[in-house]
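Beneath this line is the structure, given in structure tokens, with notes to follow.
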Amino acid sequence: MEDDSPVIYGLEFQARALTPQTAETDAIRFLVGTQSLKYDNQIHIIDFDDENNIINKNVLLHQVGEIWHISTSPADKGVLATCYNKTADSRVLTCAAVWRMPEESEPGSHESPDESSSTAHALELLCDLDHATHGSTACVVWEPTGDGRRVVSLADNHLLLWDLQPSGSQAVLASSASLEGKGQLRFTAGRWSPHHNCTQVATANDSTVRGWDTRSMSQIYCIENAHGQLVRDLDFNPNKQYYLASCGDDCKVKFWDTRNVTEPVKTLEEHSHWVWNVRYNHSHDQLVLTGSSDSRVILSNMLSISSEPFGHLVDDDDLSDPEERRSEDKSQEPPQDGVIATYEEHEDSVYAVDWSSADPWLFASLSYDGRLVINRVPRALKYHILL
């Protein structure tokens with residue numbers, strides 16, 4: 001039975017890395033990476049059974065270090081990339097690697113949530129993406145479509161495009177670009193556009209957002225001072241090719257048309273602390289999720305800049321009755337943008353939010369204390385969008 005109440009899962013460690021299993025379009029599955037300095041870190045594979053409203057989990061060991069970022073292959077369910085901390089010569093480096101999950105790591109429905117992780121399997125290392133000269137890796141982004149062979153990693157001030165070999169055991173650096181300028185420039189976030197034949201990547205460094213062409217590794221647009229403070233995250237509208245969302249430490253979420261970046265198209269100011277994450281719904285791009293260190297997750301309706309700004313248009317021929325036509329004219333006024341719902345199940349900073357890749361009405365959020373919350377779009381809105 002579909003129920004609007006949230007489902008909560010607690011990890012025993014702190015955590016800030018969350019991703020849906022992108023290649024999985026049947027089961028509702030999320031991966032969460034932990035941050036523990038004392039114990040072996042883990043990746044929890046969370047399967048949500050929406051019929052019975054319960055969570056099944058499986059735990060994989062990630063022994064190399066605490067996980068700062070996690071992303072999954074769009075083509076192979078078993079492959080993922082992590083960015084993790086490693087101490088070398090009394091320096092802490094954030095490295096990146098591509099891993100394969102063991103075959104038997106499908107979450108078992110018999111496992112109780114309190115069962116110890118002594119049966120945890122280790123991940124199989126496919127290849128490292130770090131290059132000693134490139135510094136600490138902020139994130140790894142997969143090419144959105146295709147065979148899962150191309151990834152971009154952002155390491156300090158370097159944008160690195162990698163080709164993964166068919167065996168997966170080696171990554172070849174295909175091309176790279178660097179930020180030039182004064183001071184210590186460092187990328188904080190990146191996103192690969194699903195449009196333009198997957199030839200564009202957007203990156204954030206400090207308060208600037210840049211667009212890059214992956215064929216020439218040259219800059220195609222630059223939004224200086226996109227936010228008053230550090231830009232934390234970016235996401236592309238899946239249905240409108242020039243639209244990009246950004247969020248940052250100025251508590252704002254901004255929406256940009258990359259053809260004209262002098263002003264944002266729209267700005268949201270609903271959070272009261274840093275906004276760590278912004279995510280467009282994959283199917284219905286008016287639905288936008290944000291997570292913040294004010295401990296709240298906000299679901300907003302950005303209809304006016306979506307691919308269906310007036311909802312579903314009704315054909316005039318269907319309205320033969322003049323009375324019906326008059327009432328229809330009134331309802332054709334564009335609906336208002338605004339907050340649909342605020343979710344307050346977290347008690348700590350929400351570092352990650354993401355939509356399920358299998359169910360467009362379901363999303364997960366993760367706070368630093370290890371609390372994962374699975375929520376749904378309110379049913380009334382769901383049917384309003386669908387009907």
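With hydrogens and angles ignored, the 3.5 Å screen pairs a side-chain donor or acceptor of Gln21 with a backbone N or O of Lys77. A donor-acceptor pair is defined here as one N or O able to donate and one able to accept, closer than 3.5 Å; no such pair exists between the side chain of Ser207 and the backbone of Gln229. Within the 3.5 Å criterion, the main-chain N or O of Ser356 finds no donor-acceptor partner in the side chain of Arg29. No side-chain donor-acceptor contact under 3.5 Å links Asp206 to the backbone of Thr208. Although no hydrogens or angles enter the test, the distance criterion places a donor-acceptor pair under 3.5 Å between the side chain of Glu24 and the main chain of Asp26. Between the side chain of Asp50 and the backbone N or O of Asn53, no donor-acceptor pair lies under 3.5 Å.
None of Ser246, Pro264, Cys251 except one satisfies the side chain to side chain contact (heavy atoms under 4.5 Å, CB included) rule with His227; the exception is Ser246.
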Test side chain to side chain donor-acceptor pair (under 3.5 Å) applied to His158 and Ser178, step by step: CA-CA 4 Å; His158 302 283; Ser178 299; 2.9 Å; yes

Yes or no on ring pair (Phe, Tyr, Trp, His ring centres under 6.0 Å) for Phe13 and His44, after CA distance, side-chain angles and deciding distance? CA-CA 11 Å; Phe13 300 135; His44 287 235; 7.8 Å; no

Decide yes or no on side-chain contact (heavy atoms from CB on, under 4.5 Å) for Glu12 and Gln42, but give the supporting numbers first. CA-CA 10 Å; Glu12 55 268 44; Gln42 303 170 341; 4.0 Å; yes

Glu224 vs Cys222, test: side-chain contact (heavy atoms from CB on, under 4.5 Å). Steps then yes/no. CA-CA 6 Å; Glu224 288 194 23; Cys222 178; 3.7 Å; yes

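Closest approach of Leu287 and Ile340 over heavy atoms only: CD2-CD1, 3.6 Å. Across all non-hydrogen atoms, the minimal contact from Trp256 to Val261 is CZ3-O, 3.7 Å. Smallest separation of non-hydrogen atoms from Leu18 and Ala352: CB-CB, 3.6 Å. Among all heavy-atom pairs drawn from Gly148 and Ser73, the shortest one is CA-OG, 4.1 Å. Residue Pro194 comes nearest to Pro144 through the heavy atom pair CA-CG, 3.8 Å, listed as atom of the first residue, atom of the second, then distance. Nearest heavy atom pair, residue Leu160 against residue Ser176, reads CD2-CB, 3.6 Å.
Remark: aromatic rings of Tyr343 and Phe363 are close, center separation under 6.0 Å. If you look at Tyr84 and His62, their ring centroids are closer than 6.0 Å. Ring to ring, His196 and Tyr242 are close: their centroids are under 6.0 angstrom apart.
Between Ser36 and Asn41, the side chains place no donor N or O within less than 3.5 Å of an acceptor N or O (distance only, hydrogens not considered). Side-chain contact, His346 with Glu344: no donor N or O sits under 3.5 Å from an acceptor N or O. Thr22 and Thr72 form a side-chain donor-acceptor contact under 3.5 Å, judged by distance and modelled atom types alone. Looking at Asn197 and Thr199, their side chains never bring a donor and an acceptor atom within 3.5 Å of each other. Side chains of Asn260 and Asp257: no donor on one and acceptor on the other come within 3.5 Å. With 3.5 Å as the limit, one finds a donor-acceptor pair spanning the side chains of Asp294 and Ser292. Looking only at atom types and distance, the side chain of Trp68 has no donor-acceptor partner in the side chain of Thr94 under 3.5 Å away. For His282 and Ser357, the side-chain atoms include no donor-acceptor pair closer than 3.5 Å. In this model, a donor atom of one side chain and an acceptor atom of the other lie less than 3.5 Å apart for Glu66 and Asn85. Side-chain contact of Trp99 with Thr82: a donor-acceptor pair under 3.5 Å is present, judged by distance alone. In this structure, a donor-acceptor pair under 3.5 Å is absent between the side chains of Arg232 and Asn277. Side-chain contact, Ser307 with Asp285: a donor N or O sits under 3.5 Å from an acceptor N or O.
Rounding to the nearest 0.5 angstrom, the gap separating the OG1 atom in Thr19 from the CG atom in Leu366 is 11.5 Å. Distance check, rounded to the nearest 0.5 Å: CD1 of Ile46 to CD1 of Ile374 gives 7.0 Å. The distance from atom CG of Leu230 to atom CH2 of Trp274, rounded to the nearest 0.5 Å, is 8.0 Å.
With respect to the salt-bridge test (charged N to carboxylate O, under 4.0 angstrom), the residues Glu347 and Arg371 qualify. Residues Asp233 and Arg279 are paired through a salt bridge, judged by an N-O separation under 4.0 Å between the basic side chain and the carboxylate.
Hydrophobic clustering, with ILVMFWY side chains joined whenever heavy atoms are under 4.5 angstrom apart, keeps Val141 apart from Phe236. Neither Val377 nor Val288 shares a network with the other; the hydrophobic side chains, linked directly or stepwise wherever heavy atoms of I, L, V, M, F, W or Y lie under 4.5 Å apart, form separate groups for each. One hydrophobic cluster holds both Met101 and Leu125 under the rule that ILVMFWY side chains link at heavy-atom gaps under 4.5 Å. By the rule that hydrophobic residues join a cluster once side-chain heavy atoms approach within less than 4.5 Å of another member, Val79 and Trp162 end up as members of one cluster.
Side-chain contact between Phe48 and Asp359 is absent, with no heavy atoms from C-beta onward closer than 4.5 Å.
More than 12 heavy atoms of other residues, nucleotides or ligands lie within 6.0 Å of CG in Asp163, so this atom counts as buried by the packing criterion.
Figure legend: Arg16 and Trp276 shown as a cation-pi pair, the cationic atom lying under 6.0 angstrom from the six-membered ring centre and within 45 degrees of its axis.
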